[in-house]
Amino acid sequence: MFRLAANQIANVMRSSVSSASRVSAVRALHGHDIPAEEFDKRYEDYFNRSDIDGWEVRKGMNDLLGMDLVPAPKIVEAGLKACRRVNDIALAIRWLEGVKDKCGDKTDEIYPYIMDSVRPTLAELGIPTLEELNYDKPELALKSVYDM
């Protein structure tokens, strides 16, 4: 019974979420319109809390990466600073990988823009980029579905 109800809700959510805009994804999740600026501000404030712990940082990042949007550079910066506050460089690297993955088939267009925007923050916090770690082209990676 629960599985049937969950599948019906998932189908409604899938049909109501369009990949065209961030606002439509938020509307589907919350039931009402939220402007992109307010959405960005909420997540910035969430990551900028001084009492945030590692679990909450991971939860916020997982919530964002589960949505049908690419996080804005200011949210990415706030997430990186939160990783630094909880002293978790591995989480910061995974955050960058997740953001790159969310760019999908537009990685060549969106990811360089995000990296140009957050590069001063990366330098300030001492966090290497995926390219500096050679994580951009893993040795044993499978071929991307976007290249097939």
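Just so it is clear, the model here is predicted, and its values are computed rather than measured. The figures that follow rest on heavy atoms only: side chains count, while hydrogens, waters and symmetry mates do not. Along the sequence shown, residues are numbered consecutively beginning with 1.
Remark: Tyr111 engages no residue in a ring-ring contact (aromatic ring centres under 6.0 Å, His included) (not counting sequence neighbours). Not a single salt bridge (Lys or Arg N to Asp or Glu O under 4.0 Å) links Asp108 to another residue, sequence neighbours left out. Contacts of Pro112 classified as side chain to side chain contact (heavy atoms under 4.5 Å, CB included), with partners at least two apart in sequence or in another chain: none. Applying the salt bridge (Lys or Arg N to Asp or Glu O under 4.0 Å) rule to Glu38 yields the partners Arg42; only residues at least two apart in sequence or on another chain are considered.
The nearest pair of heavy atoms linking Met61 to Cys83 is CE-SG, 3.3 Å.
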Applying side-chain contact (heavy atoms from CB on, under 4.5 Å) to Val70 and Lys106, what does each step give before you reach the verdict? CA-CA 11 Å; Val70 178; Lys106 303 279 188 194; over 6 Å; no
Expected list for residues 95-105: side-chain donor-acceptor pairs under 3.5 angstrom, two or more places apart:
from   : atom 1 : to    : atom 2 : distance (Å)
Trp95  : NE1    : Val76 : O      : 3.2
Glu97  : OE1    : Arg94 : NH1    : 2.6
Lys102 : NZ     : Leu65 : O      : 3.2
Lys102 : NZ     : Met67 : O      : 2.6

Donor-acceptor contacts, no H, no angles, side chain residues 125-133, under 3.5 Å, sequence neighbours left out:
from   : atom 1 : to     : atom 2 : distance (Å)
Thr129 : OG1    : Glu132 : N      : 3.1
Glu132 : OE1    : Thr129 : N      : 3.1

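Separation of atoms CG (Asn48) and CD1 (Ile75) is listed at 10.5 Å; rounding is to 0.5 Å.
Screening residues 44-89 for ring-ring contact (aromatic ring centres under 6.0 Å, His included), with sequence neighbours left out, gives no hits. Within the structure, salt bridge (charged side-chain N to carboxylate O under 4.0 Å, His left out) pairs that include any residue of residues 72-81 do not occur (at least two apart or interchain). Screening residues 45-65 for salt bridge (charged side-chain N to carboxylate O under 4.0 Å, His left out) gives Lys41-Asp45, Arg49-Asp51, Arg49-Glu56, Arg58-Asp88, Lys59-Asp63 as the qualifying pairs, with residues at least two apart or on separate chains.
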